[in-house]
Amino acid sequence: MAYRAPFFRFLLRSTAVLAMLVALPACAGASTSWENQVREISEGQDSLTRGAAIGARLDAMNIAWRKEVFSQDDHSGSNLIADLGGRADAPLLLIGAHYDKVAAGHGATDNASGVSTVLELAAALKARPLANHRVQVVFWDLEEEGLLGSRAWVATPGREKPALYVNFDVFGWGDTLWMMSPQADAPLVTAMRTASTEHRLHFRAGAEYPPTDHLAFLKAGWPAVSFSLIGGDEIDPTLKAFSGGKPNPIPKVMRVIHSPNDTVAELDADSVPAALATLENGLRAWDLTTQ
């Protein structure tokens, strides 16, 4: 999550959608895998070693991936891309998270947690593909330098515009799935709200959200949303802090990210299984009602 100052009519028409929402998702009960991945990625103190951990996990899941080198604003980095399959003529769902970190801490919350969430979703969507969308996952480099990896991506000539980009940044603890969506009635907002109720997880959606890679897409006119998992009582103070205010008390997320405190010791995976199930079911419901 870049520490800088700031920043779909849907009805459930069919019993197939309702069944999808209550079906046991492929990534249910994946908190141990999620935690292990966060730990392995967090051991890397630079993008090279963190990227290698991501590549090793994709290899273990038998998911082919590639590295795409980019240059942006006098910096060079590498985005990591994996295609999960789907009809060649189907619209693209792009899912991503940044894997770089600032110098302080281990970047566990910011953003090995988001990367691990994308990896869990990749495993689920590889095992049981979406009906109407191709899926590609991307891990961005140099987000902390100004969203450079995602900005280079959208600026690449001939790049396919996705039907939707779904971003993950700061997914470390708490009881609330926090969603950035420019539209309160977006199809995915409704799908996620329904799925979160089913999985007994608090949910909040709105246009206000800290700056991270979704911004590169929105500024290019491409549809994008973003997700975090934190405590619900942290959201308003966090927004206040990112808008230049001084919340009291300072929320946990603001005491952890971009500091020596950003280690695996601060993570709490209690709500991760419910969050992963919510995300998978929400995306599957969205897929069935949008093409």
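Start at 1 with the first residue, then count along the sequence. All of these numbers come straight from a predicted model, not from anything done at the bench.
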request  = Kindly indicate whether the side chain of Pro210, heavy atoms from C-beta on, has any atom under 4.5 Å from the side chain of Thr238.
outcome  = yes
task = Decide yes or no for Phe139 and Leu58: does some side-chain heavy atom of the first lie under 4.5 Å from some side-chain heavy atom of the second?
result = yes
inquiry  = Minimum heavy-atom separation for Asn111 and Val170, please, with both atom names.
reply    = OD1-N, 2.9 Å
Heavy-atom side-chain proximity of Phe70 to Leu148 below 4.5 angstrom = yes
query = Any luck finding a side-chain donor-acceptor pair between Trp65 and Asp83 under 3.5 Å?
reply = no
task = Heavy atoms only: give me the nearest Ile95-Val135 pair and the separation to one decimal.
result = CD1-CG1, 4.1 Å
ask   = With Asp233, which residues qualify under side-chain contact (heavy atoms from CB on, under 4.5 Å), at least two apart?
value = none
inquiry  = I'd like to check His133 versus Thr290 (side-chain heavy atoms, cut-off strictly below 4.5 Å). Are they in contact?
reply    = yes
Close side-chain approach of Lys246 to Lys240, heavy-atom, < 4.5 Å = no
note = Only one of Glu145, Glu143, Gln72 passes side-chain contact (heavy atoms from CB on, under 4.5 Å) with Arg151, and that residue is Gln72
Pairwise side-chain contact, Val166 with Leu94, heavy-atom cut-off 4.5 Å (strictly under) = no
request  = Considering only NZ, NE, NH1 and NH2 on the basic side and carboxylate oxygens on the acidic side, decide whether Arg39 and Glu43 come within less than 4.0 Å.
outcome  = no
inquiry  = Regarding Asp141 and Ser47, do their side chains bring together a donor and an acceptor under 3.5 Å, going by distance alone?
reply    = yes
request  = Start with the C-alpha distance between His199 and Asn281, add both sets of side-chain angles, then the distance that settles side-chain hydrogen bond (donor to acceptor under 3.5 Å, both in side chains), and finish with yes or no.
outcome  = CA-CA 10 Å; His199 293 286; Asn281 279 348; 3.0 Å; yes
task = Compute whether any side-chain donor of one residue and acceptor of the other, for Thr49 and Asp46, lie under 3.5 angstrom apart.
result = yes
inquiry  = Quick one about His98 and Asp100 (side-chain donor to acceptor, distance below 3.5 Å, no hydrogens or angles considered), yes or no?
reply    = yes
note = Applying salt bridge (Lys or Arg N to Asp or Glu O under 4.0 Å) to Asp268 and not counting sequence neighbours gives none
ask   = Trp173 and Ser271: side-chain donor and acceptor closer than 3.5 Å?
value = no
remark   = Of all heavy-atom pairs linking Leu201 and Ala275, the shortest is CD2-CA, 3.7 Å
task = Could you tell me which non-hydrogen atom of Gly282 sits nearest to which non-hydrogen atom of Ala191, and how far apart they are?
result = O-CB, 3.5 Å
inquiry  = I'd like to know if Trp286 and Leu177 are part of one continuous hydrophobic network [Ile/Leu/Val/Met/Phe/Trp/Tyr, side-chain heavy atoms within less than 4.5 Å].
reply    = yes
Heavy-atom pair with the smallest gap, counting every atom of Glu120 and Ser33 = OE2-OG, 2.6 Å
Leu80 and Val138, any side-chain heavy atoms less than 4.5 Å apart = no
query = Checking side-chain contact (heavy atoms from CB on, under 4.5 Å) for the pair Met192/Leu279: CA distance, chi angles, key distance, verdict?
reply = CA-CA 7 Å; Met192 289 297 172; Leu279 289 164; 4.0 Å; yes
ask   = Is there a path of hydrophobic side-chain contacts, each under 4.5 Å between heavy atoms of I, L, V, M, F, W or Y residues, that connects Met180 with Tyr165?
value = no
task = Go through the structure and list residues passing salt bridge (Lys or Arg N to Asp or Glu O under 4.0 Å) with Arg193, not counting sequence neighbours.
result = none
ask   = Can Arg134 and Glu160 be counted as an ion pair, charged N to O under 4.0 angstrom?
value = yes
task = Decide, yes or no, whether a salt bridge links Glu68 with Arg159 under the criterion of side-chain N to carboxylate O below 4.0 Å.
result = yes
message = Check this for me, if you would: do Asp236 and Arg204 make a salt bridge, where the nitrogen-to-carboxylate-oxygen distance has to be below 4.0 angstrom?
response = yes
query = If you look at every heavy atom in Ala97 and Val118, which pair is closest and at what distance?
reply = CB-CG2, 3.8 Å
Straight-line distance of Gln37 CD to Ser42 OG, nearest 0.5 Å = 11.0 Å
